[in-house]
Structure formats: C-alpha cells, structure tokens
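Remarks on the structure that follows.
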Protein chains: 2
Amino acid sequence: MKYSVMVEYALHSLVYLIDVPKNESIGIKDLSEFQGLSETYLSKVLGKLSKEGIVSSVSGVKGGYRLNRKPEDITFWDVVRAVEGEDPIFQCKNIKANFAYQNKNQKCESCSSQSNCTINSVMLEAEEHMRNYLRSKTIAWLEEELLRTLPKEQIEEAKNFFKKTI
Amino acid sequence: MKYSVMVEYALHSLVYLIDVPKNESIGIKDLSEFQGLSETYLSKVLGKLSKEGIVSSVSGVKGGYRLNRKPEDITFWDVVRAVEGEDPIFQCKNIKANFAYQNKNQKCESCSSQSNCTINSVMLEAEEHMRNYLRSKTIAWLEEELLRTLPKEQIEEAKNFFKKTI
DNA sequence: TTAATCAACGATAAAATCAATCGACGATTA
DNA sequence: TAATCGTCGATTGATTTTATCGTTGATTAA
C-alpha cells in the first residue's frame, strides 16, 4: 500500500509555483527539467491539480501553470485528494452473504455507507485522522518551513532557474 | 491508493478466532467456507499473521489457527502491519540531483531518514496519526463492540458454525 | 496569417503490484 | 499407512501505476 509518485511530484512542483506572480506562469518543461522528471507524465499531475482548482493553466506560447488559490488555502490534503482521489484507503469488498457481521443477502453496502460494520468504521476513522493532519498543513506553511530550514544556496538556485525562464 | 483485501480478510478472520480455546483451533477450510473466501489465498493471509506472532498455527489433521496473544494485546495496527508491511505509505522517490530541497549528489536518502525533507516528514507524521488510532483499537475491543451492536442471531450463527467443526 | 509553442486529452505500452491458483512438502492424526 | 492440514514457492491473470506518443486547440510572435 502506498501513494503514487504523483503525490510527490505534485507537492514538490507546487513549491516552485508559490512565488509566481498572478500574470506569469511556469511551463511544464521547466518544472520537469529542473526536477528531472518526465515532461508528459508531470503534465498529467498538473492536469489533476488544475481540474481541482489548485493551480490554473495558461495555454499557448509562454503558457504554463500558477497557483489558483492563495498558498494558505491549499492544504496537503487538497493535493493528495486531487491526485489520489476521494476513495477510502480501506474498502470493504463485501465478504459474501454468510459473512456473520451483516444481514444475509444485504451485501456489504452497509459497510460503505458507514452504518453497522465496525471494522470498516474503525478503518475509516483511522484514515480520517491522517486526513485531518494533512488538512492542518498548508503550502504557505511549507514555504515558511523551507525558507527556515534549507540552505540559502538551494533556495537561490531554484529561484534563479525559474526567474530566467519567465 | 488502497489497502489490499488481505487486511479485510485478516481482521474478519481474527474475530472468529477470539473465543477459540488454547488447545483447539479453526482450520483454514472452515474460515474460508464461512466467509466465502478462497481457501488458498486466505491461508496466505493467516500465514502472515502467524509469522508476526498474532496467531499460532497447528499443522496436521485437526490443525488450524488460534490467537497467539490475548485479544487485548492485538491492535488493528498489528494486523495491518503484519499484512501490509512496515513501509511508509509515502515514499520519497528521490526527485533527482538538482532537486532544490536537498544537497546535490546526496540523493534522497535524507528523506527516508527523516532528516531534512519537510514534505516527507509531513507525510510520515500524517501516517503516524493514522497508525496511532489503529493502535488504540484492539481485537478485544472489537469483540465487545460486535457483541453490543450485532443482532444476536448473527453471533449465534457464527458460533454454531465453528462449534460443530471443532 | 503563418509558424512555433504550449496545455489538454486519449490511446497505448511497459512495468509493478495484487488476487488467486497450483503443486510439492512436511507435520500430524487416526 | 493413508488422509488431513499448514507452509512455501512458482505461476497466472487482472488491475494499477508509470510513462510515452500523437493529436488537438489555444496563444503568441514573426
């Protein structure tokens, strides 16, 4: 069980978009080149973020992406959800009719509708704890943290790379 | 991203083992038949639980499985870990050398060793919140809950099914 | 208006993972 | 000794993930 690398690509890419002014944008080519990622694949990731309104895209020459919301209004959970979807990590696959924890012939729709399957509700609750933590961390917070902890040269390096491309 | 069905199979199967006396056991055939699951596949699941000391197995005729620890000493997390392994959900795949949040040529071992990759540590912390909740729920608690909430007939049905097989 | 650049999208392919089966093996019991 | 049962490894098929390719349509610069 693991998150797809898309989550990693998305979170990392967003960092570079934080300081992009409203009228500018960073192209997929620069984002992928700087991070050493596949251009086409990364564009799928950004597409997901775009569809969820986390970034906005600019078509055509000089096009690219920029944040569509303020960094303090983008949480880690927003990003994970945009990329991975809303489905719960634990899905009750309905262990058959004579499964003793539900009524016969009822299938396990009872599980997915959080009613009476205890096991399922524990797993959903556990996941909710993870989500709540992810909701508490924003991209704005991330930037502060990075500025505080990273060597200045690394920050400058990124800044310079993207500056020249705008 | 999702847990494998093994987790579901494991948790459900454990419930039937709670009341099995120390000198008895329930065979994979009965466990799988009652739940409508593949016998061979379920045996893989029980094998994982056995390897982690959650259940113990009895070979040979009249063999099977029983709990190897007291139900109050088996948490949901123990089960998930036994089945899914210890690897974190979010694994930093090392976004290359010129990734700005780490030193060049250092790869992202820094991420996996929780040092300086902020993104990684947020994801690990989030996961830890989920794990902590799973650690707080035991199989003993689960049984109480089931006894409290399930229709008596369902409980009897399971009890009778396994009683006759012992 | 034309050419070049770029995001969006769908089809496809390759790789990895998951679900499940099969067969051989060793242990146990009757 | 024969039947039963858990263990283990190999294998298969299905699904998911990762990645590429080619097309389309929007935008800009020439």
Side-chain angles (χ1 to χ4, degrees), chain A residues 1-10 13 17 20 23-33 35-66 68 83-85 87 89-91 93-96 165-166, chain B residues 1-10 13 17 20 23-33 35-66 68 83-85 87 89-91 93-96 165-166:
Chain A
M1 210 260 307
K2 59 182 198 294
Y3 279 128
S4 72
V5 289
M6 280 197 175
V7 175
E8 186 182 358
Y9 293 177
S13 296
L17 300 181
V20 176
N23 56 329
E24 293 175 2
S25 64
I26 296 182
I28 203 71
K29 201 177 164 202
D30 296 317
L31 280 172
S32 60
E33 184 190 335
Q35 299 180 94
L37 302 177
S38 148
E39 196 176 319
T40 50
Y41 190 61
L42 186 58
S43 81
K44 302 271 184 198
V45 178
L46 273 290
K48 281 168 183 276
L49 296 181
S50 175
K51 190 174 288 180
E52 296 297 317
I54 293 171
V55 303
S56 60
S57 64
V58 181
S59 277
V61 174
K62 288 281 170 187
Y65 300 90
R66 61 169 157 263
N68 189 45
V83 169
E84 296 277 328
D87 286 350
I89 294 177
F90 182 87
Q91 268 137 318
K93 283 272 195 313
N94 166 27
I95 305 197
K96 269 285 292 286
T165 72
I166 292 178
Chain B
M1 212 259 307
K2 56 183 199 293
Y3 279 129
S4 72
V5 290
M6 281 196 176
V7 175
E8 185 182 358
Y9 293 177
S13 296
L17 299 182
V20 175
N23 55 330
E24 293 174 2
S25 63
I26 295 182
I28 203 71
K29 203 178 163 199
D30 295 317
L31 279 173
S32 61
E33 184 191 334
Q35 298 178 95
L37 301 178
S38 147
E39 196 176 318
T40 49
Y41 191 60
L42 186 59
S43 80
K44 301 271 185 197
V45 178
L46 272 292
K48 281 167 183 278
L49 297 182
S50 175
K51 189 174 292 182
E52 295 297 317
I54 293 171
V55 302
S56 60
S57 64
V58 181
S59 279
V61 175
K62 286 281 170 186
Y65 300 91
R66 61 169 158 264
N68 189 45
V83 169
E84 297 278 330
D87 286 349
I89 294 177
F90 182 87
Q91 269 136 317
K93 283 274 195 313
N94 167 27
I95 305 197
K96 270 285 293 284
T165 72
I166 293 178

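We name chains A, B, ... by the order of the sequence lines, and we start the count at 1 in each one.
Looking only at distances, a side-chain donor or acceptor of A:Glu84 sits under 3.5 Å from a matching main-chain atom of A:Ser4. Without hydrogens or angle criteria, A:Glu24 side chain to A:Val20 main chain gives no donor-acceptor distance under 3.5 Å.
Using a 4.0 Å heavy-atom criterion, one finds that B:Leu46 contacts no nucleic acid atom at all.
Between B:Ser57 and D:dT7 there is a side-chain N or O to OP1 or OP2 distance below 4.0 Å.
Qualifying side-chain contact (heavy atoms from CB on, under 4.5 Å) partners for B:Lys29, counting only residues two or more places apart in sequence or in other chains: B:Glu39. Under the rule for a side-chain contact (heavy atoms from CB on, under 4.5 Å), the partners of B:Ser38 that lie at least two apart in sequence or sit in another chain are B:Thr40, B:Tyr41. Judged as a side-chain hydrogen bond (donor to acceptor under 3.5 Å, both in side chains), and not counting sequence neighbours, B:Ser43 has no contacts.
In this entry the distance linking CG of B:Leu31 with P of D:dC5 reads 12 Å, nearest Å. Atom CD1 of A:Ile28 and atom P of C:dC9 are 13 Å apart (whole Å). A straight line from NZ of B:Lys29 to C1' of D:dC5 spans 10 Å, rounded to a whole angstrom. One atom, CD of B:Glu52, and another, P of D:dT7, lie 14 Å apart when rounded to the nearest Å. The distance between atom OH of A:Tyr65 and atom P of C:dC6, rounded to the nearest whole Å, is 12 Å.
Using a 4.5 Å heavy-atom cutoff, the side chains of B:Gln91 and A:Lys2 are in contact.
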query: With the sugar-phosphate defined as primed atoms, P, OP1 and OP2, and the base as all remaining atoms, what B/S/- string results for nucleotides 24-30 of chain D, 5' to 3', for protein heavy atoms under 4.0 Å?
result: --BBB--

query: For nucleotides 15-22 of chain D, read 5' to 3', which letter fits each nucleotide if B means a protein heavy atom sits under 4.0 Å from the base, S means only the sugar-phosphate is that close, and - means neither?
result: --SBBB--

message: Test side chain to side chain contact (heavy atoms under 4.5 Å, CB included) on B:Arg66 and B:Asn23; report intermediate values, then the result.
response: CA-CA 9 Å; B:Arg66 61 169 158 264; B:Asn23 55 330; 5.5 Å; no

Solution key, residues 48-61 of chain B side-chain donor-acceptor pairs under 3.5 Å, sequence neighbours excluded:
none

